[in-house]
S.K.: 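Following this message is one structure expressed as structure tokens.
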There are 2 protein chains.
Amino acid sequence: MTLYNEYDRLLVAVDCIIFGFHGDQLKLLLIKRDFEPEKGKWSLMGGFAKKSESLDDAASRILMSLTGLQEVFLEQLYCFNQVDRDPVERTISVTYYSLINIEDHDEELSKQHDASWFDLGEMPDLIFDHNEIVDRAHQRLKYKAEHYPVGFELLPPKFTMPELQSLYEAIFETEMDKRNFIKRIDSLGILVKLNEKKRTTGKKGAFLYQFDEDKYKQQMKTGNKFQIKP
Amino acid sequence: MTLYNEYDRLLVAVDCIIFGFHGDQLKLLLIKRDFEPEKGKWSLMGGFAKKSESLDDAASRILMSLTGLQEVFLEQLYCFNQVDRDPVERTISVTYYSLINIEDHDEELSKQHDASWFDLGEMPDLIFDHNEIVDRAHQRLKYKAEHYPVGFELLPPKFTMPELQSLYEAIFETEMDKRNFIKRIDSLGILVKLNEKKRTTGKKGAFLYQFDEDKYKQQMKTGNKFQIKP
DNA sequence: TTGTAAAGTGTCATAATCACACAAGTATAG
DNA sequence: CTATACTTGTGTGATTATGACACTTTACAA
């Protein structure tokens with residue numbers, strides 16, 4: 001076809017912001033680049049879009065190649081489009097953020113990419129506009145976690161209330177009152193309390209809970225709104 | 001430079017969702033295509049990204065070319081990226097939505113493009129995935145209007161309370177109680193009440209108000225949150 | 001002057017939010 | 001075996017926000 005001949009074609013990068021949570025800290029998985037430009041600097045994991053592949057699929061592929069994970073939370077964030085953002089050639093970056101259970105990812109793969117986890121509060125300088133991208137991803141995560149049950153994506157399937165609370169505190173960068181927090185979570189009616197305790201923290205041990213997708217859908221159908229306010 | 005030689009370059013479309021408001025109705029400005037493919041069908045106004053121009057600038061240019069307007073609310077919405085969304089060639093579309101005062105746009109220009117306004121509830125079938133794009137834009141507008149004072153972009157500088165209310169009702173697709181609505185708006189402390197009345201509707205006439213950007217910033221600084229709930 | 005159409009105004013009951021402190025359970029150390 | 005240390009788990013009441021609700025005012029037109 002020649003219909004669109006007169007127009008420019010652009011390089012389209014797909015970059016992934018990969019969130020994890022461990023030890024009260026919200027974390028990001030970054031790679032140390034072993035290729036030009038900016039070889040040796042830290043950056044988001046990325047790749048280039050292919051003609052025969054959707055960007056959603058490209059993001060999945062890139063995430064898979066670094067973490068070994070598929071079928072995890074992955075959502076488009078924003079298209080960064082400044083003309084000079086990549087010094088080599090005009091490139092736009094369509095970014096995707098992902099929420100993973102940090103225990104699930106393939107450490108072998110991430111070693112191969114010289115990847116490592118950084119606390120969100122202690123990010124190194126990243127290449128190009130990647131620091132700006134991370135900021136926007138964090139903003140989006142705050143919004144998303146407030147209005148949708150995506151926090152559980154960052155936890156193991158079984159988790160304790162104190163863990164859940166400290167996750168939300170990390171996301172929102174606030175402290176919360178534990179009684180009010182539990183009251184709100186309980187009122188959502190979307191968790192199942194198990195008869196097991198996790199004993200690693202403290203001496204008393206804390207009961208484990210599971211998120212129940214069906215209960216969540218049921219609650220939303222009956223007009224209940226998911227919301228966790230900072 | 002040859003660093004990125006092995007990668008594909010893609011066509012990048014920039015499409016604009018242009019919202020207006022008139023007579024209690026939220027409206028969209030669409031064009032009847034006079035070019036292939038899908039000549040004669042309705043579509044969003046769009047164009048292609050250029051190598052030497054940011055997408056933000058491209059969106060501005062496209063909006064300007066249809067409406068004559070510059071410096072109006074314009075924000076990136078989403079990058080639509082299905083492989084087969086354009087039958088001619090693989091094209092991704094980075095979309096931008098705009099909120100304009102419908103009285104301000106250049107009718108001459110829109111005539112030249114065979115453009116016309118449609119009520120959001122009575123949209124024709126659009127080309128490609130443009131109906132899906134419109135849905136997403138409306139969702140975003142709902143969110144944005146709830147949390148930021150963007151509604152005023154859709155009104156003339158001076159407007160009445162009933163006009164403002166019917167704007168929000170159109171955006172949220174709900175009805176609101178006018179006493180509670182006015183109470184909430186008043187409590188935001190961001191409007192200036194003028195000593196003029198608009199007499200076109202009804203016989204009594206309604207007082208005119210203006211949005212005050214400075215007051216808004218002041219309110220936000222003092223911890224007041226903008227919010228208009230559906 | 002009277003009718004009409006839309007604008008403008010206040011109260012109260014209910015629900016949501018927020019601040020706040022002590023007891024319970026258990027592993028470990030003495 | 002007893003005491004200690006550490007973290008979990010639980011309830012109430014005051015304050016604030018929300019939502020339902022109906023009549024009066026204004027000014028134009030007949």
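Numbered from 1 within each chain, the chains take letters A, B, ... in sequence-line order.
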S.K.: Would you check if there is a donor-acceptor pair between the side chains of A:Asp57 and A:Ser54 at a distance under 3.5 Å?
M.R.: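 Result is yes, a qualifying pair exists.
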S.K.: Given that B:Gln227 and B:Lys178 both sit by DNA chain D, which one's nearest nucleotide is further toward the 5' end?
M.R.: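 So the residue in question is B:Gln227.
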S.K.: Give the nucleotide from the list D:dC21, C:dT4, D:dT8 with an atom nearest to the side chain of A:Thr201.
M.R.: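 Nearest listed nucleotide: D:dT8.
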S.K.: B:Phe181 has an atom CZ; how far is it from atom C1' of D:dT18, in whole Å?
M.R.: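 Interatomic distance, CZ of B:Phe181 to C1' of D:dT18: 16 Å.
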S.K.: Using heavy atoms to find the nearest nucleotide of DNA chain D for B:Lys183 and A:Phe207 separately, return the residue whose nucleotide is more 5′.
M.R.: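 Taking each residue's closest nucleotide, the earlier one in sequence belongs to A:Phe207.
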S.K.: Using five base pairs at each end, measure the axis-to-axis angle across the helix from C:dT1-D:dA30 to C:dG30-D:dC1 and round it to 10 degrees.
M.R.: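 That helix gives 10° between its end axes.
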S.K.: Of all the heavy-atom pairs spanning B:Leu109 and B:Asp106, show the shortest one and how long it is.
M.R.: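 Nearest heavy atoms, B:Leu109 then B:Asp106: N-OD1, 3.1 Å.
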S.K.: Determine whether the aromatic ring centres of residues A:Phe152 and A:Phe159 are separated by less than 6.0 angstrom.
M.R.: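 Ring centroids of A:Phe159 and A:Phe152 are less than 6.0 Å from each other.
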S.K.: Angle between ring planes, B:Tyr216 versus B:Phe226, binned at 30° and 60°: parallel, tilted or perpendicular?
M.R.: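 The rings of B:Tyr216 and B:Phe226 stand perpendicular, inter-plane angle above 60°.
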S.K.: The side chain of B:Asn180 lies closest to which of these nucleotides: D:dG9, D:dT18, D:dC21?
M.R.: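 Between D:dG9, D:dT18, D:dC21, the one nearest the side chain of B:Asn180 would be D:dC21.
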S.K.: Quick one: A:Leu164 CG to D:dG9 C1', roughly how many Å, whole number?
M.R.: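 Those two atoms, CG and C1', are 15 Å apart.
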S.K.: Just the rounded figure in Å: distance from P of C:dG8 to CG of B:Asp177.
M.R.: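 Nearest whole value for this atom pair: 14 Å.
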S.K.: Could one point to a donor on the side chain of B:Lys204 or the base of C:dA7 with an acceptor on the other under 3.5 Å away?
M.R.: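 Answer is yes: a donor-acceptor pair is held.
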S.K.: How close do B:Cys79 and A:Val94 get, heavy atom to heavy atom, and via which atoms?
M.R.: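 Looks like SG-CG2, 4.0 Å.
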S.K.: Does this structure show an ion pair linking B:Lys229 with B:Glu146, if we count only N-O contacts that are shorter than 4.0 Å?
M.R.: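 B:Glu146 and B:Lys229: not salt-bridged.
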S.K.: So, B:Ser93 versus B:Asp15: side-chain donor-acceptor pair below 3.5 Å or not?
M.R.: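 Judged by distance alone, the side chains do pair up.
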S.K.: Within this structure, what is the CE-to-P distance between B:Met176 and D:dA20, rounded to whole angstrom?
M.R.: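 Whole-Å distance recorded here is 12 Å.
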S.K.: Which nucleotide sits closest to the side chain of B:Lys203: D:dT10, C:dG8, D:dC28?
M.R.: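 For the B:Lys203 side chain, the nearest candidate turns out to be D:dC28.
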S.K.: Using atom CD1 of B:Ile182 as one end and atom P of D:dA20 as the other, report the distance to the nearest whole Å.
M.R.: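 Atom-to-atom, B:Ile182 to D:dA20, this comes out as 17 Å.
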S.K.: Please pick, from D:dA22, D:dG9, D:dA27, the nucleotide with the shortest atom-to-atom distance to any side-chain atom of B:Arg199.
M.R.: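 For the B:Arg199 side chain, the nearest candidate turns out to be D:dA27.
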S.K.: Between the base of D:dA22 and the side chain of B:Arg179, is there a donor and acceptor pair under 3.5 angstrom?
M.R.: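 Per atom types, the contact qualifies.
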S.K.: The criterion is ring-ring contact (aromatic ring centres under 6.0 Å, His included); which residues satisfy it with B:Tyr143, sequence neighbours excluded?
M.R.: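 Result, ring-ring contact (aromatic ring centres under 6.0 Å, His included) vs B:Tyr143: A:Tyr143, B:His147.
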S.K.: Just the rounded figure in Å: distance from C1' of C:dT17 to NZ of A:Lys225.
M.R.: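 Checked: the NZ to C1' distance equals 19 Å.
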S.K.: Given atom CG of A:Asp186 and atom P of D:dG9, what is their separation to the nearest angstrom?
M.R.: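 Distance, rounded to whole Å: 11 Å.
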S.K.: Just how far, in rounded Å, is C1' of D:dT16 from CG of B:Asn224?
M.R.: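 Nearest whole value for this atom pair: 14 Å.
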S.K.: At 4.0 Å (heavy atoms only), tell me whether B:Lys198 reaches a base, stays on the sugar-phosphate, or touches nothing.
M.R.: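 No contact at all - B:Lys198 keeps every heavy atom at 4.0 Å or more from the nucleic acid.
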S.K.: Would you mind classifying the nucleic acid contact of A:Lys229 as base, sugar-phosphate or nothing, using non-hydrogen atoms under 4.0 angstrom?
M.R.: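 The residue A:Lys229 makes sugar-phosphate contact but no base contact.
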S.K.: By nearest heavy atom, map B:Gly205 and A:Arg184 onto DNA chain C; which one lands nearer the 5' end?
M.R.: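 Its nearest nucleotide lies further toward 5', so the answer is B:Gly205.
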